[in-house]
A.B. asks: 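This structure is in structure tokens; I'll ask about it shortly.
As the structure is a prediction and not an experimental result, all values here were calculated from the model.
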Amino acid sequence: ENFYGQTYNSVCLFREPEVVDILKYVWAAHKRDGRKQRLNSIQALPAYKRLLEKIPGFKFLLDKELSLILSQVRCVDDEPKYYLDPNTDRIGYKVMDTISYEA
């Protein structure tokens, strides 16, 4: 109803064991040394190759999402930036393109 100026963010869930394997690899590598990981190291994993066999034609989407994961894993321990509404003394956090003041 009130969509004007908002974004539409579609969601697709992959509930495959290969996704779990890839995420475990990303977290283990992050905890091990915290260095920036590269997409080509993920693409070399057997789990990545098996996942591509299950979703042929969507390599671009998988690589895009993995790139986001690899950049965001480095920010997981950062303090979230908050916004203070001076009129109501509420604290909010950025969610997509808006500030959310909900708990």
Side-chain angles (χ1 to χ4, degrees):
E1 174 180 311
N2 198 5
F3 188 74
Y4 183 74
Q6 300 297 317
T7 61
Y8 174 75
N9 303 298
S10 60
V11 176
C12 177
L13 299 176
F14 288 134
R15 295 177 190 244
E16 301 294 334
E18 294 83 5
V19 173
V20 174
D21 293 344
I22 292 169
L23 289 175
K24 284 182 179 179
Y25 175 87
V26 169
W27 278 109
H30 173 71
K31 289 180 182 178
R32 184 173 50 249
D33 55 24
R35 289 185 297 140
K36 184 174 182 177
Q37 300 175 60
R38 300 196 180 278
L39 181 58
N40 62 358
S41 66
I42 304 298
Q43 291 171 330
L45 295 174
Y48 175 88
K49 294 172 184 170
R50 289 192 311 269
L51 187 56
L52 274 183
E53 290 174 3
K54 291 182 176 183
I55 55 166
F58 289 96
K59 181 182 185 306
F60 72 97
L61 181 60
L62 181 59
D63 287 351
K64 175 72 172 164
E65 293 303 312
L66 288 171
S67 294
L68 287 171
I69 290 169
L70 294 176
S71 68
Q72 292 173 353
V73 72
R74 299 184 75 209
C75 304
V76 71
D77 295 322
D78 293 352
E79 290 288 323
K81 185 175 180 182
Y82 66 89
Y83 300 87
L84 178 63
D85 181 346
N87 297 326
T88 61
D89 286 334
R90 296 183 304 167
I91 294 177
Y93 296 92
K94 186 171 183 175
V95 177
M96 300 292 182
D97 294 334
T98 62
I99 306 300
S100 174
Y101 293 98
E102 296 181 20

A.B. asks: Measure across Y93 and K81 and return the closest heavy-atom pair with its distance rounded to 0.1 Å.
C.D. replies: CD2-O, 3.4 Å
A.B. asks: Do other residues, nucleotides or ligands put more than 12 heavy atoms under 6.0 Å from R50 CZ?
C.D. replies: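 Atom CZ in R50 is crowded, with more than 12 foreign heavy atoms closer than 6.0 Å.
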A.B. asks: Looking at K36, I'd like to know if its NZ atom is crowded, meaning that more than 12 non-hydrogen atoms belonging to other residues, nucleotides or ligands lie closer than 6.0 Å.
C.D. replies: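 No, NZ of K36 has 12 or fewer neighbouring heavy atoms, counting only those of other groups under 6.0 Å.
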A.B. asks: In this structure, would V26 and V20 fall into the same cluster of hydrophobic residues linked by side-chain contacts under 4.5 Å?
C.D. replies: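 Different clusters: V26 never reaches V20 through Ile, Leu, Val, Met, Phe, Trp or Tyr contacts under 4.5 Å.
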A.B. asks: For a quick test of reading the model, state the closest non-hydrogen atom pair linking Y82 to I91 and the distance between them.
C.D. replies: CB-CG2, 3.6 Å
A.B. asks: Restricting to non-hydrogen atoms, name the atom on H30 and the atom on R74 that form the minimum distance, rounded to 0.1 Å.
C.D. replies: CE1-CA, 4.0 Å
A.B. asks: F58 and K64: side-chain contact (heavy atoms from CB on, under 4.5 Å), yes or no, with the steps?
C.D. replies: CA-CA 10 Å; F58 289 96; K64 175 72 172 164; over 6 Å; no
A.B. asks: Looking at K49 and A44, what are the two nearest heavy atoms and their distance?
C.D. replies: NZ-O, 3.8 Å
A.B. asks: Work out which heavy atom in I22 is nearest to a heavy atom in L51; give both atom names and the distance.
C.D. replies: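 Here I22 and L51 meet closest at CD1-CD2, 4.2 Å.
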A.B. asks: Walk me through it: do V95 and E102 pass the test side-chain contact (heavy atoms from CB on, under 4.5 Å)?
C.D. replies: CA-CA 11 Å; V95 177; E102 296 181 20; over 6 Å; no
A.B. asks: Checking side chain to side chain contact (heavy atoms under 4.5 Å, CB included) against I42, which of I69, L62, L66 comes through?
C.D. replies: L66
A.B. asks: Within this structure, what is the CD-OG distance for the pair Q37 and S71, rounded to the nearest 0.5 Å?
C.D. replies: 11.0 Å
A.B. asks: Please tell me whether L39 and W27 are part of a single hydrophobic cluster in this structure, the criterion being side-chain heavy atoms less than 4.5 Å apart.
C.D. replies: yes
A.B. asks: Same cluster or not: are I99 and L84 linked, directly or through other Ile, Leu, Val, Met, Phe, Trp or Tyr residues, by side-chain heavy atoms under 4.5 angstrom apart?
C.D. replies: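 I99 does not cluster with L84.
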A.B. asks: Could you tell me which non-hydrogen atom of Q43 sits nearest to which non-hydrogen atom of D63, and how far apart they are?
C.D. replies: NE2-OD2, 3.1 Å
A.B. asks: When hydrophobic residues are tied together by side-chain contacts of less than 4.5 Å, even through go-betweens, does Y48 share a cluster with L68?
C.D. replies: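 Y48 and L68: separate clusters.
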